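Computed from a predicted model, the values in this text were never measured in an experiment.
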Amino acid sequence: MISLKQSTLSIPGSEFLRRRSPSPNFQSPVFPVVKSSRSSIFSLSKPLHISSVESFFPCLKKSSKNGKEKDQSLVRCKAYEADRSEPIRDSTLARSEAARKVKIGTYFATWWALNVIFNIYNKKVLNAFPFPWLTSTLSLAAGSLIMLVSWALRIAETPKTDLEFWKSLFPVAVAHTIGHVAATVSMSKVAVSFTHIIKSGEPAFSVLVSRFLLGETFPPAVYLSLVPIIGGCGLSALTELNFNMTGFMGAMISNLAFVFRNIFSKKGMKGKSVSGMNYYACLSMLSLLILTPFAIAVEGPQMWALGFKEAVSQIGPQIIWWMAAQSVFYHLYNQVSYMSLDEISPLTFSVGNTMKRISVIVSSIIIFRTPVQPINALGAAIAILGTFLYSQAKQ
């Protein structure tokens with residue numbers, strides 16, 4: 001308990017109480033007040049503890065006929081004022097902000113982990129079953145199936161869409177399909193780390209397309225940040241031990257396609273009230289419809305059957321698990337990334353994307369024991385640093 005000091009202070013309403021009192025001996029009530037270290041004035045803004053009214057309203061006590069005091073009060077209360085008053089803090093708001101930070105951190109950790117797992121299984125599948133068009137199709141099909149089941153079981157809320165929504169989504173889906181297939185083709189030809197080093201150059205494509213096709217202008221810091229990005233990617237490409245032109249071009253085309261995907265998405269989705277998770281689900285379904293006929297035309301069922309038979313003879317039945325895992329994890333990591341966009345700013349997302357590439361590059365080098373020359377590693381570090389600087393300058 002806090003020790004209290006008391007003093008008395010007459011209440012201005014005492015005259016009113018005296019006039020209303022039936023007893024001629026009614027005394028003016030006095031109010032006990034705490035003298036704090038800062039002021040002796042009674043403050044109603046400070047916390048009070050109500051316990052007994054008779055301690056400072058003795059007038060409420062009346063004597064009985066036999067001379068003994070009889071308590072006539074209906075309410076017992078006492079007022080105490082603490083020596084110190086603390087500022088009121090909104091603990092609910094603080095807890096809500098802390099929960100939001102934990103949620104964002106969980107999104108980031110899950111996003112990075114799922115992306116690393118996807119890239120590992122994707123590369124394993126492509127090493128044993130080098131059919132990137134079918135692999136890309138399976139990834140989109142798995143995601144579409146997962147979301148259809150989620151909507152049917154009411155695990156996820158079914159999005160409310162119309163014809164205009166799908167029209168605006170179509171160019172986004174075309175760009176997404178091209179970018180997805182191109183990245184998979186790249187990883188089927190070169191190391192995972194090299195593909196992601198080249199893909200870290202996406203900001204350069206974003207600035208060039210926005211500047212020359214859309215007429216947007218950027219501050220000098222943005223243009224300067226492109227120097228380490230382009231230089232680092234070029235240094236890594238020149239010193240890559242297992243360089244392949246198809247793999248290099250696949251990563252470059254993927255960069256360009258994803259830049260257009262982002263541009264179309266910003267323009268077409270303004271005013272559309274669809275969550276990030278459902279938006280990516282619809283994008284996957286539309287991309288699947290676009291990609292399937294092209295996959296059949298480029299590779300075809302006959303090539304898939306022969307390739308699968310050879311993969312099973314070399315790897316065994318676990319190739320089926322690898323294909324299922326890479327398909328499911330592809331959808332999950334993209335879904336989490338789109339969900340995180342609902343909670344964070346574009347700048348935070350860009351920084352998170354940069355850190356994701358670092359985790360993928362490092363983990364793939366360790367797991368697949370990719371030989372890396374010091375000059376190659378330096379190029380990768382410069383490119384990733386440039387990507388980080390770009391995200392800061394762009395904001």
Side-chain angles (χ1 to χ4, degrees), residues 104-105 107-123 126 139 176 179-180 182-207 225-237 239-240 242 247-248 250-259 261-262 326 329-330 332-338 340-341 344-368 370 372 375-395:
I104 293 173
Y107 274 150
F108 269 42
T110 306
W111 176 23
W112 298 341
L114 292 173
N115 190 263
V116 169
I117 295 172
F118 157 72
N119 278 278
I120 291 171
Y121 278 110
N122 189 47
K123 185 59 177 177
L126 292 172
S139 301
H176 178 73
H180 176 42
T184 308
V185 169
S186 175
M187 282 194 282
S188 69
K189 300 295 183 181
V190 296
V192 175
S193 56
F194 180 70
T195 297
H196 280 273
I197 291 171
I198 301 303
K199 282 178 66 64
S200 65
E202 183 178 326
F205 286 87
S206 179
V207 171
S225 68
L226 301 182
V227 175
I229 293 176
I230 297 172
C233 289
L235 185 60
S236 295
T239 58
E240 174 65 25
N242 299 314
F248 175 75
M252 296 289 280
I253 293 172
S254 177
N255 281 339
L256 187 61
F258 283 142
V259 166
R261 180 193 67 178
N262 296 337
Q326 73 90 25
F329 282 115
Y330 172 80
L332 292 179
Y333 102 76
N334 276 287
Q335 187 182 76
V336 172
S337 70
Y338 272 84
S340 66
L341 275 173
I344 60 179
S345 67
L347 174 61
T348 306
F349 184 83
S350 297
V351 174
N353 199 40
T354 303
M355 300 303 295
K356 178 205 74 174
R357 295 212 184 281
I358 295 175
S359 63
V360 171
I361 291 170
V362 173
S363 61
S364 64
I365 290 174
I366 295 173
I367 292 173
F368 294 108
T370 306
V372 179
I375 191 69
N376 186 263
L378 177 62
I382 293 173
I384 292 172
L385 175 62
T387 304
F388 175 77
L389 294 175
Y390 165 81
S391 65
Q392 300 294 317
K394 182 74 179 294
Q395 185 67 14

Checklist outcome for this item: Taken to the nearest 0.5 Å, the spacing of S200 OG from F388 CZ works out to 14.5 Å
Checklist entry - Closest approach of A251 and I198, non-hydrogen atoms and distance? => result CB-CG2, 3.6 Å
Next on the checklist: Using 0.5 Å steps for rounding, measure from the CD atom of Q335 to the OG1 atom of T110.
Outcome noted: 11.5 Å
Checklist entry - Which atom names give the shortest non-hydrogen contact between C233 and A383, and what distance separates them? => result N-CB, 3.8 Å
Item to check | Non-neighbouring partners of V362 that pass side-chain contact (heavy atoms from CB on, under 4.5 Å), sequence neighbours left out | outcome: I358, I366
Checklist entry - Distance-only, no hydrogens or angles: does the K123 side chain make a donor-acceptor pair with backbone N or O of M187 under 3.5 Å? => result yes
Checklist entry - Hey, does the side chain of N122 reach the backbone of T184 with a donor-acceptor pair shorter than 3.5 angstrom? => result no
Item to check | Under 3.5 Å donor-acceptor, S254 side chain and G250 backbone | outcome: no
Item to check | Passing option when V192 is tested against V360, I197, I120 for side-chain contact (heavy atoms from CB on, under 4.5 Å) | outcome: V360
Next on the checklist: For the backbone of V259 and the side chain of S206, can you confirm whether one donor and one acceptor N or O come within less than 3.5 Å of each other?
Outcome noted: no
Checklist outcome for this item: G386 and P228 have their tightest heavy-atom pair at CA-CG, 3.7 Å
Next on the checklist: Give me the atom names and distance for the closest heavy-atom approach of F258 to H180.
Outcome noted: CZ-N, 3.7 Å
Item to check | Short side-chain to backbone donor-acceptor contact, N115 and W111, under 3.5 Å | outcome: no
Next on the checklist: Once rounded to the nearest 0.5 Å, what's the spacing between atom CD1 of I361 and atom NZ of K199?
Outcome noted: 11.5 Å
Checklist entry - Does any N or O in the side chain of S363 come within less than 3.5 Å of the main-chain N or O of V116, such that one atom is a donor and the other an acceptor? => result no
Item to check | Heavy-atom pair of closest approach, residues A183 and T195 | outcome: O-CG2, 4.4 Å
Next on the checklist: Between S186 and A182 (side chain of the first, backbone of the second, donor and acceptor by atom type, cut-off under 3.5 Å), is there such a pair?
Outcome noted: no
Next on the checklist: Do V190 and F248 make a side-chain contact, defined as non-hydrogen atoms from C-beta onward lying under 4.5 Å apart?
Outcome noted: no
Checklist entry - Between N242 and F194, is any pair of side-chain heavy atoms under 4.5 Å apart? => result no
Next on the checklist: Tell me whether the count of non-hydrogen atoms from other residues, nucleotides or ligands lying under 6.0 Å of NZ in K189 goes above 12.
Outcome noted: no
Item to check | Gap separating the CG atom of L385 from the CD1 atom of I382, nearest 0.5 angstrom | outcome: 8.0 Å
Next on the checklist: With rounding to the nearest 0.5 angstrom, report the CD1 to CG distance, I365 to N376.
Outcome noted: 7.5 Å
Checklist entry - Are any non-hydrogen side-chain atoms of N119 and H196 less than 4.5 angstrom apart? => result yes
Item to check | Distance, nearest 0.5 Å, that separates CD of E202 from CG of N262 | outcome: 6.0 Å
Item to check | Nearest heavy atoms of T370 and A191, plus distance in Å | outcome: CG2-CB, 4.0 Å
Checklist entry - Listed by chain and number, what are the ring pair (Phe, Tyr, Trp, His ring centres under 6.0 Å) partners of Y333, not counting sequence neighbours? => result F118, Y330
